[in-house]
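Report on one structure; see the data block that follows.
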Amino acid sequence: MEFCNLNVEQKKAVEHVNGPLLVLAGAGSGKTRVLTCRIANLIKHHKIPPWGILALTFTNKAAREMLQRVENLLGEDAAPVWLSTFHSFCIRILRFEAAHTGMGNNFVVYDDNDQLSVYDEIIKQLELDKNMFSKRLLCERISQAKNYSLNAEEFLRDEAFSEVYLKVYKLYQKRLKQYNALDFDDILLKTIDLFKANPEVLAHYQNRFKFIMVDEYQDTNMAQYELVYLLAKEHQNLFVVGDDDQSIYGWRGANIRNILEFEKDFAGAKIIRLEQNYRSTDVILDAANSVISNNINRKKKALWTEEKGGILIRTYCAYNEKDEADYICKQILEGIRQGQKADAFAVLYRTNAQSRIIETTLAAYGIAHQVYGGQRFYERAEIRDVLAYLRLFYNPADDIAFVRAINTPRRGIGNAAISALTSIASEKGISLYAAAQNSQSLPTAMYSKLKRFTDVIEDLSLQKNKLGLFEFTKKLLLCIEYDKYLKESKGDTYETRLENIDELLGSIKEFEEGLVENTDALGAYLENISLVSDIDALQEQNGRVALMTLHSAKGLEFHTVFIAGMEEGIFPNRKSGIEPKELEEERRLCYVGITRAMKALHLIHAQQRNLYGDFAFNPHSRFLEEIPDELCESCSASSYAIAAALKQKPSKQVQKFAHGGFGAIIREKDMPSSAAPSVQYKEYQRVKHAAFGSGTVLKIEGTGSAQIITIDFGTMIKKFAASYAPIEIE
DNA sequence: ACACTGTGAGTTTTT
DNA sequence: CTCACAGTGT
């Protein structure tokens, strides 16, 4: 195609028109380019109407990116292409076909937290033994049943304690229906039900979407597979792109069989392999190929690049996790000194718990960084509080939202009142909110408290339509005196929480401004946030080192990548590692990690690691063994670093070989002063920081390892932990 | 109804 | 170690 610069294989894929095709796209092989160019090609050269094309992705970020690129290629013609995530596609169908679903079009989406609350209720109602059937366990098993097979009941029947699970499952589904809510699994399953129960509806969409494309096909679960199968079976124009070697969500129901058996599922399917990589050096690709070749269950392929050679992979054997973090920081500082931007670096790890020490160490070194993942914005308590109110306005049948809202801020309404309302509600077959409105029969004290709440809600309801969503939410916060509640709640978190609320308001405002007129802003907003994640907000080139789990890193690339915790038990994780199938998934995760790196890769393991307050001595990861020695340059914590970690005085003769970064040998004066005998700083003293250059000491606070010094670099003023920062006296 | 305290579990989380 | 949650005590 004239507007894409494509290699031979990419070109074949882009020019494919009819019939099923699997594109096995290795990491960094230009799969997004292939997807977007094919869409453009279909429209421009084959006169396929844009509204006849459906492209499905897993993340909003991927959908946005693809849409952007298709727009760049096609301009306005791109607008009618349906390009969205599986879940938003299904929600659109379900709302549009509400007449056939029996659910109405104002259902809400329940996330994990809401699900757990539902299971809480069920445990109470069925009087289950919480130690045996925790809400977590129930939620996990039942979600798994819904994900893994299309017949959850049948799946659960094979389980131990199947009667309990079946009972819970049925009650759970009944509750969601009552609350007019769908969980993430249901969004897909209900769409499949809709299509199966209404062949004429299915036929309509089959005829509309004659060309279907799926991104990250290796991550599809059985429901997604079934959905795609149904939609594509009439015309068989199914174009899927994926990499079985990057299938890392098996534990969430993704079924690698879908990609491995694509040719069986769709007769006459062709396969095109994209093996030329445009991201990484030869060294990095050789390492990745070598590791992944240890997996049996895969489609054979090998990435290659025209860019021969490259910096050797650094394996570093740290003394402990602190030394690991120090190593990472020093390498980054050295890179920055050589002119790199902080956002060229990423630190990847297997578990979120590992991020903490790296984070604090980066902060101590004064390196700008950003942690992705971990606690999510919309899961924060204060955010969920406000959302509970908004949800209640949108859908008064949402009992989960009601329970949260009614006693936040505290209104003296506790378990006793909730139980009373629950009996009224189940007796009359109404929602808890409706029960609260009809609670005259309850004791006067209770009734008046409930009345006060429903009055506030009804008052606000009247204003809901007069005000925009942003103004309404501000009014809501005022009416319930939320600020006062935050101030009164203990702890020093008031300011952070208030900031979060401000951020929420900001997001509402921004969302509202982007809406076309006459849209139901509240419904649209609630739907939007339930389908959006933090990683969507990852901006590249934000001037910070990125910290994230290996899972979160999929799809991203960085000049230099550090993988921390390359140890047996951590990576591969001991919770996975035993079964061959799970070990293969860990290995794919390692492959994903390695292939994030463009130029430089550091693999780090620690001899000793503080784990759950105990010392662990993990052998280094088997994945390190799977990389040929000649691709690596190994170094380890010298006795100097060990001494530093032990806070002892180092012996002189070995110190100059500690931590040579980017080929440079860092000498004693560059080592952080935590290792050297403590340095005495004075105000107005001239000092030199490894990354920021020369400056003047402004202030010294505290002593010893807690000492903080403030330095004026002329263009900026920064604070450092004196014992960690790479500062020397000039 | 709420605060406090003890217990126990601690992998990953696109939607 | 450190956080979340459930159960107890006021």
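Proteins come first, then strands; the chains are lettered A, B, ... in the order of their sequence lines, and each starts at number 1.
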Reckon [X] has a side-chain N or O less than 4.0 Å from the OP1 or OP2 of [N]?
{"X": "A:Asn147", "N": "B:dT15", "answer": "no"}
{"X": "A:Arg410", "N": "B:dC2", "answer": "yes"}
{"X": "A:Asn352", "N": "B:dT13", "answer": "yes"}
{"X": "A:Asn407", "N": "B:dA1", "answer": "no"}
{"X": "A:Thr549", "N": "B:dT11", "answer": "no"}

Would you call the rings of [X] and [Y] parallel, tilted or perpendicular if under 30° counts as parallel and over 60° as perpendicular?
{"X": "A:Phe86", "Y": "A:Phe58", "answer": "tilted"}
{"X": "A:Phe89", "Y": "A:Trp82", "answer": "perpendicular"}
{"X": "A:Tyr179", "Y": "A:Tyr110", "answer": "tilted"}
{"X": "A:His87", "Y": "A:Phe184", "answer": "perpendicular"}
{"X": "A:Phe209", "Y": "A:Tyr205", "answer": "parallel"}

Closest approach to the side chain of [X], judged atom by atom: which nucleotide of [options] is it?
{"X": "A:Asn573", "options": "B:dT11, B:dT14, B:dT12", "value": "B:dT11"}
{"X": "A:Tyr612", "options": "B:dT11, B:dT14, B:dT12", "value": "B:dT11"}
{"X": "A:Trp251", "options": "B:dT15, B:dT12, C:dC1", "value": "B:dT12"}

Check the distance between [N]'s [atom2] and [X]'s [atom1] and give it to me in whole angstrom.
{"X": "A:Arg411", "N": "B:dA1", "atom1": "CZ", "atom2": "C1'", "result": "15 Å"}
{"X": "A:Leu531", "N": "B:dT15", "atom1": "CG", "atom2": "C1'", "result": "6 Å"}
{"X": "A:Leu227", "N": "B:dT15", "atom1": "CG", "atom2": "C1'", "result": "14 Å"}
{"X": "A:Asp614", "N": "C:dC1", "atom1": "CG", "atom2": "C1'", "result": "10 Å"}
{"X": "A:Gln115", "N": "B:dT15", "atom1": "CD", "atom2": "P", "result": "15 Å"}
{"X": "A:Leu189", "N": "B:dT15", "atom1": "CG", "atom2": "P", "result": "18 Å"}
{"X": "A:Ile529", "N": "B:dT15", "atom1": "CD1", "atom2": "P", "result": "13 Å"}
{"X": "A:Glu379", "N": "B:dT13", "atom1": "CD", "atom2": "C1'", "result": "9 Å"}

- Query: With rounding to whole Å, what would you report as the distance between B:dT12 and C:dC5 at their C1' atoms?
  - Reply: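 The answer is 22 Å between these two C1' atoms.
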- Gap in Å between the two P atoms, one belonging to B:dT13 and one to C:dA4, rounded: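 It comes out at 16 Å once rounded to the nearest Å.
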Can you pull every protein N or O that's under 3.5 Å from an N or O on nucleotides 3-9 of chain C?
from  : atom 1 : to       : atom 2 : distance (Å)
C:dC3 : OP1    : A:Arg356 : NH1    : 3.4

- Please figure out whether A:Ser88 or A:Ala417 has its closest DNA chain B nucleotide nearer the 5' end.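 Result of the comparison: A:Ala417.
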- Item | Name of the residue among A:Lys581, A:Glu582, A:Glu585 meeting side-chain contact (heavy atoms from CB on, under 4.5 Å) with A:Ser576 |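 It is A:Glu582, the one option of A:Lys581, A:Glu582, A:Glu585 that forms the side-chain contact (heavy atoms from CB on, under 4.5 Å) with A:Ser576.
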Looking across every strand, which nucleic acid part, if any, lies under 4.0 Å from [X] by heavy atom: base, sugar-phosphate, or nothing?
{"X": "A:Leu188", "answer": "nothing"}
{"X": "A:Phe86", "answer": "nothing"}
{"X": "A:Asn610", "answer": "nothing"}

- Task: Specify the closest pair of heavy atoms between A:Arg609 and A:Gly565, including all atoms of both residues, with the distance to one decimal.
- Result: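 Looks like NH2-CA, 3.4 Å.
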- Query: In Å, rounded to the nearest 0.5 Å, how long is the span from CZ of A:Phe262 to CG of A:Leu24?
  - Reply: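 Here the rounded value is 10.0 Å.
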